[in-house]
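Remember, predicted model here, so these are calculated numbers, not experimental data.
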Amino acid sequence: MRRLFAILSLTLLAACSSQPPAPEQNASGVEDRAGRDVLNPVDNGGLYNPARLKDPKSPLSKREIFFDLDSYAIRSEFKPLLEQHAKFLQSNAKYKMLIQGNADERGSREYNLALGQKRAEAVRKALQLLGANEAQVEAVSLGKEKPRCTESTEECWAQNRRADILYTGEF
Amino acid sequence: MNRLLRISFPSLLLAAMLASGIAHAQLSVEIVGAGANRIPVAVADFPGERIVSQALTSVIRTDLDRSGLFRMIDAGGNAIPESASIAYGDWKSRGADAVAVGQVFPGADGRFETRFRLFDTQKQAQLGTGALAHSSSQLRSTGHRIADFIYEKLTGEPGVFSTRIAYVVKSVGRFELQIADADGGNAQTAFASSEPIISPTWAPDGNRIAYVSFQTKKPVIYVHDLAAGRRHVAANFKGSNSAPAWSPDGRRLAVVLTKDGNSQLYLVNADGSGITRLASSAGIDTEPNFSPDGNYIYFTSDRGGSPQIYRIPAGGGDVQRVTFEGSYNTSPRISPDGKSMAYVARNSGRFQLAVMDLASKQTQILTDSSKDESPSFAPNGRMILYATEIGGRGVLAAVSSDGRVKLRLPSAAGDVREPAWGPFAK
C-alpha cells in the first residue's frame, strides 16, 4: 500500500514537473494559501480563537450546511451556526474561508457545478449579511465531482446537497 | 439485428503499459446496433502486410465494420497483389458491392509503402487508388487512413477513423485525462491528478485541449498543449471557473465564471487575457457551445425556472430559447454542419441523449439508457459520443445521429466519462 502511494506520488510529481508555472492572474481573492505565518488571532474571550475551529465542543467545528431538494435557501436551523462563523471571520481578519458547494449525482456535470455554486453563494451571502468581510470569503463549487455518498438513493442525494466550510490551512 | 462483436488490442495495451509504467483503462468497441442498409464490402489480404504482429487489413476491416455502415464480406484469406486484375464476377457472387486490394512494399530505408485500390463490382470500375509511406510502427494509423479512404469513396462523407478522442478515467483516488485513437486504441495520459478533471474540449487545431481541474480545491480552466505536454491557466478567477468552449477559430474560449455571483457566461482569449462578459441572468447560465459558423453560442440556463437551452449571438445580444419540451434540457452541442443539436433531456427521471433538427425543431431521443451525459459529435457529424452508466460503472457509448448505429466502448477498469471527439487529423 505504501509502495503504491509512493508510485502515485512520483507519477503526480512527474506530471507536475513537466508543466511550467502558470501565468499569473491576480483575480483570485484567496491565492495566498500557503501563508499560515500571517495568522495572528485576536482573543475574544477564547470563543473565536482559531483553536476552536477543531474543538468538537465549539460550534465552529461544525462546517456543513445541508439544503432541500431544488432549494438554495439557508434552512433556519443553520443560521446560528453561520452567525458563529461570521463572528469568527470578524475576529480573525487574516483568516480566509473557502465555501465548497456540492450537488447530487443527477444530471449534467456542469449544470450540477452551477447548482453547487448556488449553494455556496447562498452561504457566502448569508455570512456577509452577518458581517463577514467579502474579501475573506470565496464561494466555489465541486458540483457532483466529490460526492460524500455514492449510492443512488434519496438519503444519499440529501447528504450531497451540501456546502462545506474550510478555513485557511484546510484547503 | 443486434450483434455483439468485441475487438481489443492486447498487444498495444501492453505496449502502452510498458511505455508509461501505469495501467491504462484501455477501451474496446462493441457494436450493439448497425445501420439498416449496410454496404457489403470485401477487403482482400494485402501481400506483405504482416510487418508486425497485427495485419494491416484487420485494422481496416475492424474500422469499417464498427462504423455500422458496412457489412464485411469474407475475402477468402488469399492475398491478392495490388496489380492483379479484379475478378468482378467472383466478388459479386460472394455478395460484395465493393472490394479493396492492396500491397505493402518494403523500402530500402526500412520504411514501407502501401498501395491500395478500391473497385465497384456492380459497375466493374475502379473507384480510387492511393499510396501511403509509413514505418512499421505506423501500421494502425496507416490502416485507419485506408479505412477513411474506403469510407469516403463509398459513403461520400469523410471518415473519422484517423481522429482521436479524449476522456477522463476515474480510478481509486486518481483522475486521468486520456487521449486515444477513435477506436480506443493507443491510449495515453495527458494529465493525471488526485482531484477531479471535467469538461475536456478540443481546440479546432487538434493540438490543444481545454479542461477543468479541481487540483487547487476549486474548478480552474487550463489549456493543455498535447505535443509539448505543457499547460497554462486560461481562467482562475475568484469562485468557480468551468465549462470551456472553443470558438471555431481557436482563439477564444467561452467560459463560465462566478466572480460576480452565480454561474455566468464570459469570453476570454485562449491565453487567459481579455475577459469580457457575454450574457447576464439572475440565475445559472452554463455549458456554452459555439455554432460551427461562430455566430451563436448555445447554452443551458435556468432563467425560465428550469434548465433549458438558449442561444445568444456570439457578440452578445438578444437571447432566444431553443428547447421547450420537458423540464430539463442541458448540454447542447451543435453538429458540425450546424443543422442539428445533440443535448441531454430528462424524461420520467431518465437522462437521455436527444437530437433536435434546428430548422424544424423536431426532436428524437437516441438512447434507452438513463444516465447519459456529455454528448460530443464526430467531426463528420455521423456519430455522437457520450458518457453513460452500465452496471453502475461509467462507460462511453456512441450512437449515430439517426439513432440506428449503436456502439459501446467498455473499459477493463475504472469509470470512464467526459468524452470529447477531436477534429479531423490535419
Side-chain angles (χ1 to χ4, degrees), chain A residues 4-5 7-12 14-16 18-31 33 70 72 98-101 105-118 120-122 124-125 134-135 137-146 150-152 164 166 170-171, chain B residues 20-22 173-175 189 191-199 212 214 216-220 222 224 229-233 235-243 256 258-259 261-263 271-273 275 283-287 300 302 307 328 330-331 344 346 349 351 371 373-374 392 417-418:
Chain A
L4 177 67
F5 178 76
I7 290 167
L8 284 176
S9 306
L10 280 173
T11 316
L12 287 173
C16 294
S18 66
Q19 287 134 13
E24 285 292 321
Q25 267 185 301
N26 292 322
S28 176
V30 290
E31 66 278 2
R33 286 176 175 167
D70 286 334
Y72 309 92
L98 185 70
I99 307 162
Q100 293 177 327
E105 64 169 7
R106 291 169 293 177
S108 146
R109 286 183 192 281
E110 283 286 356
Y111 191 69
N112 272 306
L113 196 72
L115 294 180
Q117 187 71 34
K118 261 185 151 173
E121 271 295 304
R124 186 185 67 82
K125 280 183 184 153
E134 182 181 3
V137 184
E138 179 174 17
V140 303
S141 181
L142 304 180
K144 63 172 181 176
E145 305 310 318
K146 303 268 287 185
T150 55
E151 282 155 43
S152 296
D164 293 329
L166 287 81
E170 297 170 349
F171 59 91
Chain B
S20 65
I22 48 169
R174 186 174 169 87
F175 296 83
T189 298
F191 172 66
S193 173
S194 57
E195 297 295 335
I197 302 164
I198 64 167
S199 304
V212 176
F214 291 72
T216 54
K217 310 295 180 190
K218 59 175 269 188
V220 172
Y222 294 86
H224 198 107
R230 277 193 223 125
R231 63 179 194 156
H232 68 264
V233 171
N236 181 17
F237 294 91
K238 187 170 183 178
S240 298
N241 308 262
S242 69
V256 173
T258 67
K259 67 191 185 72
N262 277 327
S263 304
D271 65 1
S273 68
I275 192 92
I284 290 169
D285 288 351
T286 188
E287 300 188 310
T300 306
D302 70 350
Y328 191 106
T330 63
S331 314
V344 174
R346 187 176 63 197
F351 297 89
K371 290 187 174 178
E373 289 179 8
S374 309
R417 73 265 292 266
E418 298 293 88

A.B. asks: Is the backbone of A/V137 close enough, under 3.5 Å, to the side chain of B/K238 for a donor and an acceptor to pair up by distance?
C.D. replies: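 Checking the backbone N and O of A/V137 against the side chain of B/K238, a donor-acceptor pair under 3.5 Å is found.
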A.B. asks: Is A/E145 close to chain B through its backbone or its side chain, or both, or neither, when contacts mean heavy atoms under 4.5 Å?
C.D. replies: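 For A/E145, backbone and side chain are both near chain B.
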A.B. asks: Name the member of B/D285, B/N241, B/I198 that forms the most heavy-atom pairs with chain A at distances under 4.5 Å.
C.D. replies: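 Highest number of pairs under 4.5 Å: B/I198.
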A.B. asks: Restricting to side-chain contact (heavy atoms from CB on, under 4.5 Å), what partner residues turn up for B/A243, sequence neighbours left out?
C.D. replies: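 With sequence neighbours excluded, B/A243 shows a side-chain contact (heavy atoms from CB on, under 4.5 Å) to A/E110, B/V256, B/T286, B/P288, given in chain and number order.
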A.B. asks: Heavy-atom pairs under 4.5 Å with chain A are the metric here; pick the option from B/S374, B/G261, B/S199 that has the most.
C.D. replies: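 Looking at each option in turn, the highest pair count goes to B/G261.
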A.B. asks: Do B/S240 and A/Q117 have side-chain N/O donor and acceptor atoms under 3.5 Å apart?
C.D. replies: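 Judged by distance alone, the side chains do pair up.
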A.B. asks: Could you have a look at A/L142, A/D70, A/I99 and say which one has the most heavy-atom pairs with chain B under 4.5 angstrom?
C.D. replies: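 Of A/L142, A/D70, A/I99, A/L142 has the most heavy-atom pairs under 4.5 Å with chain B.
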A.B. asks: Heavy-atom distance under 4.5 Å to chain B: side chain of A/A139, backbone, both or neither?
C.D. replies: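 Just its backbone gets close to chain B.
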A.B. asks: Counting only heavy atoms closer than 4.5 Å, note whether A/L115 contacts chain B via side chain, backbone, both or neither.
C.D. replies: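 Both parts, heavy atoms under 4.5 Å.
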A.B. asks: With under 30° as parallel and over 60° as perpendicular, where do the rings of B/F191 and B/H224 fit, or are they tilted in between?
C.D. replies: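 B/F191 and B/H224: tilted rings.
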A.B. asks: Is B/T330 in contact with chain A via its backbone, its side chain, both, or neither, using a 4.5 Å heavy-atom distance?
C.D. replies: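 The answer is the side chain of B/T330.
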A.B. asks: Donor-acceptor pair, distance only, cut-off 3.5 Å: does the side chain of A/E138 make one with the backbone of B/G239?
C.D. replies: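 The answer is yes, because a donor-acceptor pair under 3.5 Å joins these two groups.
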A.B. asks: What residues, two or more places apart in sequence or in another chain, satisfy side-chain hydrogen bond (donor to acceptor under 3.5 Å, both in side chains) together with B/D302?
C.D. replies: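 B/D302 satisfies side-chain hydrogen bond (donor to acceptor under 3.5 Å, both in side chains) with A/K118 once adjacent residues are dropped.
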